[in-house]
**Q** 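Sharing a structure with you now.
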Amino acid sequence: GDFSLFLSPSSQSLFQSHSVSYTVNVNRTAPFNGPVGNFSVSGLPSGVTASFSNFTSTSATLTLTATRTATTGSFSITVTAINSCIQRTSPPATLTVLPRSWNAADVTVFTGAPVVASGTHLGGHINTIATNPNVDELFNFDTNLHMDSPWWNWSWHVTDLSGLLQAPVPVAGSAITDHVNTIANDDEAFYFDTNQHLDSFWWDGINWHISDVTAAAGAPVADAGSALTGHINTGANVDEVFYFCAGGHLCGPWWESATWQWHSADITVLAGCCAPAMQGSALSSHFDSVGNDDEVFYQIPDQRIISNWWDGTWHATDVTTAAGAAVAAAGTPLASHVNTVANSDEVYYIGNDGHLDELWWQPYQWHVSDITLATGAPLPAAGSQIASFMNTLDGFDEVFYEGADQHIYLLWWDGSNWTWHFSDLTVAGSGPLAAVGSPLNSHFNTIANTEEVYYIGTDQHIHELWR
């Protein structure tokens, strides 16, 4: 008896920083039934590594992974396997390594979803509660004032959450915030209804539900037009949502697992500061793993950026003054996250000079950087939003905004040399123009290992730029 090998498919394309898999088929000729092992691969270009898994008597899986700088081009690869006395090599298969490039997709067309409502906000994140695989999901309001959730697990789908649950109608222009509750192991999206109550769509891994968080927490109603942000406070192990309530106070309903109940907190009172929030102030929040504290950023009437932060008790810091920065533009958008390469806490905003600026903290000092000046990038358009995340694949810090030409721009910081750069993603990805003042949502897709930014086009469709 004998055995032979062949790879399927016979040709694959592999983008830099990504992975692909081949099946190594083992054909046996009777009476051969011995073990086949010691798999190896030949012909790989520089920067591509191989691993074998899922061994059976008739096959194995070959996974090839390319680094960010892997050599591009087409290559013939072969696999060799050994029995105790027989060695066989497969016929060549083709591997084409391609440079990573930006691409565009019309999510509304792919899902068949209704067009979005004018002025809708746009949420999105990776749903890690869904398994095999995880799910990349978005949240928006359509022209029927329903909250829709377009979602992707290697193909696009859409769920009408409002129709599914006969949920309360959102107030016009309602903000959206969303995240995975890693404590309760559920997926959550929050919005304001016409009573200015905070409502939550939440998915427990099987079914979607709707809850009135304002009623459950005994919390104040939201101010009309309030911004909305939320995340998991991993220091206190609680689920938190923040919005503005009466008097421009920062209110923060929070949920804990000991009683599985919502509670209410007036963060402005607890922090002992500061002036009421500016009417129309944005909100951004995250857990700062560098300082090990919980942080919420907003703007006060004199245009300074304030941080309310929690390390067991609530405090307030005038971040603008602490960094020696000029005041922000009135009504600036805000985006914040932790840069895990530089170990810095960061908040992005638009300055009075129209530049996109960064306030950043490393123990134990705030600083300011003018990223527009550092990169020579075009100015953000009036009314541009900001979105940001940490690209853990490449070690890039990434910030997205809309230019006056309705293009989506990326400002990115390279952790290998600590320098800022910029790219016009609309040109790079051949994407359609954004609607003026389009909402933005960005995150790293850990399923596909891709950077993603979503926006609303002039056709009121949701569009994606991804690499």
Side-chain angles (χ1 to χ4, degrees), residues 107-108 111-127 129-130 135-152 156-181 183-232 239-245 251-255 260-264 283 439 441 454 456 460-462:
V107 175
T108 300
T111 59
V115 297
V116 302
S118 178
T120 185
H121 289 241
L122 190 56
H125 63 267
I126 299 299
N127 177 352
I129 306 304
V135 169
D136 188 12
E137 56 189 13
L138 304 174
F139 300 94
N140 68 275
F141 297 115
D142 64 31
T143 51
N144 298 313
L145 295 182
H146 283 201
M147 181 179 277
D148 294 328
S149 177
W151 54 279
W152 177 92
W156 279 102
H157 314 267
V158 65
T159 300
D160 177 348
L161 299 181
S162 298
L164 181 68
L165 299 173
Q166 300 300 299
V169 174
V171 67
S174 170
I176 297 172
T177 192
D178 55 282
H179 55 262
V180 169
N181 180 340
I183 309 162
N185 212 37
D186 59 38
D187 194 37
E188 302 177 340
F190 300 87
Y191 72 100
F192 298 119
D193 64 30
T194 53
N195 295 315
Q196 295 298 130
H197 279 211
L198 178 67
D199 295 323
S200 169
F201 287 108
W202 55 281
W203 183 77
D204 60 10
I206 301 174
N207 297 308
W208 281 98
H209 310 267
I210 184 75
S211 295
D212 183 332
V213 175
T214 300
V221 298
D223 274 355
S226 173
L228 186 57
T229 186
H231 62 270
I232 297 299
D239 187 15
E240 301 177 333
V241 187
F242 302 94
Y243 60 87
F244 297 118
C245 52
C251 287
W254 55 281
W255 177 94
W260 284 65
Q261 290 183 344
W262 282 97
H263 309 270
S264 178
L283 279 169
N441 178 272
Y454 296 91
I456 307 302
Q460 293 301 110
H461 287 200
I462 298 174

**Q** Going through the checks in order, is the side-chain contact (heavy atoms from CB on, under 4.5 Å) test met by Ile176 and Leu122?
**A** CA-CA 7 Å; Ile176 297 172; Leu122 190 56; over 6 Å; no
**Q** Looking at every heavy atom in both Val107 and Pro150, which two are closest together, and how far apart are they?
**A**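 That closest heavy-atom pairing would be CG1-CB, 3.9 Å.
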**Q** Looking at every heavy atom in both Leu228 and Leu283, which two are closest together, and how far apart are they?
**A** N-CD1, 4.0 Å
**Q** For Glu188 and Val180: C-alpha separation, side-chain torsions, deciding distance, then whether side-chain contact (heavy atoms from CB on, under 4.5 Å) applies.
**A** CA-CA 6 Å; Glu188 302 177 340; Val180 169; over 6 Å; no
**Q** List the atom of Asp212, the atom of His197, and the distance in Å for their closest heavy-atom pair.
**A**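 For Asp212 versus His197, the nearest heavy atoms are OD2-ND1, 2.8 Å.
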**Q** Between Thr214 (side chain) and Leu198 (backbone), is there a donor-acceptor pair under 3.5 Å?
**A**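 Yes; judged by distance alone, with no hydrogens or angles, the pair exists.
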**Q** Looking at side-chain heavy atoms only, is the closest gap between Ile456 and Ile462 below 4.5 Å?
**A** yes
**Q** Return the orientation label for the Phe201 and Trp208 ring planes: parallel under 30°, perpendicular over 60°, tilted otherwise.
**A** perpendicular
**Q** Taking only residues two or more places apart in sequence or in another chain, which ones pass side-chain contact (heavy atoms from CB on, under 4.5 Å) with Ala216?
**A**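 If we apply the side-chain contact (heavy atoms from CB on, under 4.5 Å) test to Ala216, skipping adjacent residues, the hits are Trp262.
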**Q** Please report the C-alpha distance between Ile210 and Asp199 in whole Å, then the side-chain angles of each, then the deciding distance to 0.1 Å, and finally whether the side-chain contact (heavy atoms from CB on, under 4.5 Å) criterion is met.
**A** CA-CA 7 Å; Ile210 184 75; Asp199 295 323; 4.2 Å; yes
**Q** Identify the heavy atoms of Ser211 and Trp202 that sit nearest to each other, and give their distance.
**A** OG-NE1, 2.8 Å
**Q** On a heavy-atom basis, which atom in Val158 and which in Asp148 lie closest, and how many Å separate them?
**A**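 Shortest heavy-atom contact: CG2-CB, 4.1 Å.
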**Q** May I ask you to test the Val116-Thr143 pair for a side-chain heavy-atom distance under 4.5 Å?
**A**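 Result no, sub-4.5 Å side-chain heavy-atom pair not found.
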**Q** Between Thr120 (side chain) and Ala117 (backbone), is there a donor-acceptor pair under 3.5 Å?
**A**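 No; judged by distance alone, with no hydrogens or angles, the pair does not exist.
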**Q** Between CD1 of Ile206 and CG of Asp186, what distance do you get to the nearest 0.5 Å?
**A** 12.0 Å
**Q** Are side-chain N/O atoms of His125 and Asp136 paired as donor and acceptor at under 3.5 Å?
**A** no
**Q** Within this structure, what is the OG1-NE2 distance for the pair Thr111 and His461, rounded to the nearest 0.5 Å?
**A**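 If we round to the nearest 0.5 Å, Thr111:OG1 and His461:NE2 are 9.0 Å apart.
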**Q** Can you tell me how far CG of Asp239 sits from CG of Asn181, rounded to the nearest 0.5 angstrom?
**A**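 So the gap between those two atoms works out to 4.0 Å.
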**Q** Do Tyr191 and Phe139 have ring centres separated by under 6.0 Å?
**A**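 Distance test on ring centres: not under 6.0 Å, no.
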**Q** Between Asn127 and Trp203, does the side-chain contact (heavy atoms from CB on, under 4.5 Å) criterion hold? Intermediate values first, please.
**A** CA-CA 10 Å; Asn127 177 352; Trp203 183 77; 3.7 Å; yes
**Q** Taking the side chain as every heavy atom from C-beta outward, state whether Tyr243 and Pro220 have any atom pair closer than 4.5 Å.
**A** yes
**Q** Under 3.5 Å, is there a donor-acceptor pair between the side chain of Asp178 and the main chain of Gly124?
**A**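 Checking the backbone N and O of Gly124 against the side chain of Asp178, a donor-acceptor pair under 3.5 Å is found.
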**Q** Between Thr194 (side chain) and Val171 (backbone), is there a donor-acceptor pair under 3.5 Å?
**A**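 No, Thr194 side chain to Val171 backbone: no donor-acceptor pair under 3.5 Å.
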**Q** Would you give the length of the straight line joining atom OG of Ser200 to atom NE2 of His209, rounded to the nearest 0.5 angstrom?
**A** 10.5 Å
**Q** Going by the rule ring pair (Phe, Tyr, Trp, His ring centres under 6.0 Å), which residues pair with His179 if we only count those two or more places apart in sequence or in a different chain?
**A**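 His179 satisfies ring pair (Phe, Tyr, Trp, His ring centres under 6.0 Å) with Phe190 once adjacent residues are dropped.
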**Q** Between Ser264 and Pro253, is there a donor-acceptor pair closer than 3.5 Å when you use the side chain of the first and the backbone of the second?
**A**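 Looks like no, no N/O pair under 3.5 Å.
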**Q** What side-chain hydrogen bond (donor to acceptor under 3.5 Å, both in side chains) pairs are there with at least one residue in residues 159-176, not counting sequence neighbours?
**A** His146-Asp160, Trp151-Thr159
**Q** Any donor-acceptor pair under 3.5 Å linking the side chain of Gln196 with the backbone of Ala222?
**A**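 Present.
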**Q** If you look at every heavy atom in Ile183 and Ile232, which pair is closest and at what distance?
**A** CD1-CG2, 4.1 Å
**Q** Do Asn195 and Val221 come close enough that some side-chain heavy atom pair is under 4.5 Å?
**A** no
**Q** Is it the case that the side chains of His121 and Asn140 hold a donor-acceptor pair, with the cut-off being a distance below 3.5 Å and no angle test?
**A** no
**Q** Strictly distance-based, threshold 3.5 Å: is any side-chain N or O of Asp223 a donor or acceptor partner for the main-chain N or O of Ser226?
**A** no
